[in-house]
Amino acid sequence: MTRRPLVGGNWKMHLLRADAEAYCERLRGESAALPADVALFPSAPLLALVARGLAGTPFACGGQDLHPEEKGAHTGDVSGPQLADAGCEWVLCGHSERRQDHGESDELIGRKAVAARRHGLKPLICIGETLDERRSGTTYEVLDRQLEAGLAGRPEPCAIAYEPIWAIGTGETATPEIAQEAHQHIRETLADLIGAEAAGSKRILYGGSVKPANAAELFSQPDIDGFLVGGASLDPEGFLAIIRSCG
Ligand code: 13P
């Protein structure tokens, strides 16, 4: 089963317009063929600028979150139609920082993924365990629960990002073996939920302190199909190096 790699750059709450403009200009100058599908996830005020800046390039753009309703009185939220209108192709659903900072439940994340598809967006559903959950041996239970709720019975289209919370922004990457073991487990659970063939074609990304120096070894694992990169995606050179390591 060949799966085209996918690499996301999650800028989180970083960068200003001038930075984003310079970043897009650097990517527009990148003429080499990419070995992966690539999407940038800027924060909402930068989305339209980045989508415009990357128009006509192989680099796509996505939102970091969406509200499950298509419009209404939801101050501070962004809707699926607004993301699509800004030029997004993807949207993150259930990033651990949304789960932790905003108390997002598994059920809400499933509704967000369903809403994303309704508006022509591809959800990148994020799952991952805390350090306590890993230490207490409940990692797979947590991943299975988050995965089933996130898919909400509707697996297409979507991609999955496995981001162990203990590895996010800590510099402590999961070893390739730990990441592979979790990815293999996720694919097995996917096979139970959506069938072996669909599970075999589903892209499962790894996220958590990915850098140019560790990306190739992680990518060499059979069930790692790309990355969701935080800190290292803020520098276009580092991000491009990570993308190239998927070749
Ligand atoms: P870091 O790459 O900064 O650890 O962040 C990972 C992440 O949360 C991407 O969504």
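Indexing begins at 1, ligand by ligand and atom by atom, following the structure's order. All figures in this text were calculated on a predicted structure; none of them were measured in a lab.
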query: Can a non-hydrogen atom of Ala167 be found less than 4.0 Å from any atom of ligand 1?
result: yes
- prompt: Is any N or O atom of Glu97, backbone or side chain, closer than 3.5 Å to an N or O atom of ligand 1?
  reply: no
message: Just to verify, which of Asp223, Leu205, Asp225 counts as forming a side chain to side chain contact (heavy atoms under 4.5 Å, CB included) with His183?
response: Asp223
- prompt: Do other residues, nucleotides or ligands put more than 12 heavy atoms under 6.0 Å from the CZ atom of Arg17?
  reply: no
- prompt: Is it true that Arg118 and Glu70 make a salt bridge, defined as a side-chain N closer than 4.0 Å to a carboxylate O?
  reply: no
query: In terms of residue, atom name and distance, what is the protein heavy atom nearest to atom 7 (C) of ligand 1?
result: Glu163 OE2, 3.1 Å
- request: Check each atom of ligand 1 against the heavy atoms of Gly208 and keep those under 4.0 Å away; list them by number with element.
  value: 4 (O), 6 (C)
- prompt: Say you draw a straight line from CZ of Arg111 to CD of Glu104; how long is it, rounded to the nearest 0.5 Å?
  reply: 10.5 Å
- request: Kindly say whether Ile160 contributes a backbone atom to a donor-acceptor pair with the side chain of Arg203 at under 3.5 angstrom?
  value: no
- prompt: How far is atom 2 (O) of ligand 1 from its nearest protein heavy atom, and which residue and atom name does that atom have?
  reply: Gly230 N, 2.9 Å
query: Hey, which atoms in ligand 1 end up nearer than 4.0 Å to a heavy atom of Ile168?
result: 4 (O), 5 (O), 6 (C), 8 (O)
Test of proximity, Leu228 against ligand 1: N or O pairs below 3.5 Å: no
- request: Examine the proximity of ligand 1 to Asn10 and report which part, side chain or backbone, both or neither, has a heavy atom under 4.0 Å away.
  value: side chain
- request: Name the closest protein heavy atom to atom 3 (O) of ligand 1, giving the residue it belongs to and the distance to 0.1 Å.
  value: Gly231 N, 2.8 Å
task: Please determine if Ala232 has a nitrogen or oxygen closer than 3.5 Å to a nitrogen or oxygen of ligand 1.
output: no
- prompt: Between Trp166 and Glu129, is any side-chain donor less than 3.5 angstrom from a side-chain acceptor?
  reply: yes
message: For Leu240, run the side chain to side chain contact (heavy atoms under 4.5 Å, CB included) check against Val7, Leu27, Val38, Asp235 and tell me which one passes.
response: Leu27
Interatomic distance, Leu47 atom CG to Leu40 atom CG [nearest 0.5 angstrom]: 10.5 Å
- line: ligand 1 to His95, heavy atom cutoff 4.0 Å, flagged ligand atoms 7 (C), 8 (O), 9 (C), 10 (O)
message: Does either side chain, that of His95 or that of Glu163, offer a donor lying less than 3.5 Å from an acceptor on the other one?
response: yes
message: Checking the N or O distance criterion of under 3.5 Å, is ligand 1 in contact with Gly207?
response: no
message: For Ser233, which part has a heavy atom under 4.0 Å from ligand 1: side chain, backbone, both, or neither?
response: neither
message: Checking a contact table here: which protein heavy atom is nearest atom 5 (O) of ligand 1, and how many Å away?
response: Lys12 NZ, 3.2 Å
task: Look at the rings of Tyr206 and Phe227 and say which category their plane angle falls in: under 30° parallel, 30 to 60° tilted, over 60° perpendicular.
output: perpendicular
query: Can you find an N/O atom of Thr170 closer than 3.5 Å to an N/O atom of ligand 1?
result: no
query: Does Lys211 come within less than 4.0 Å of ligand 1, judged by its heavy atoms?
result: no
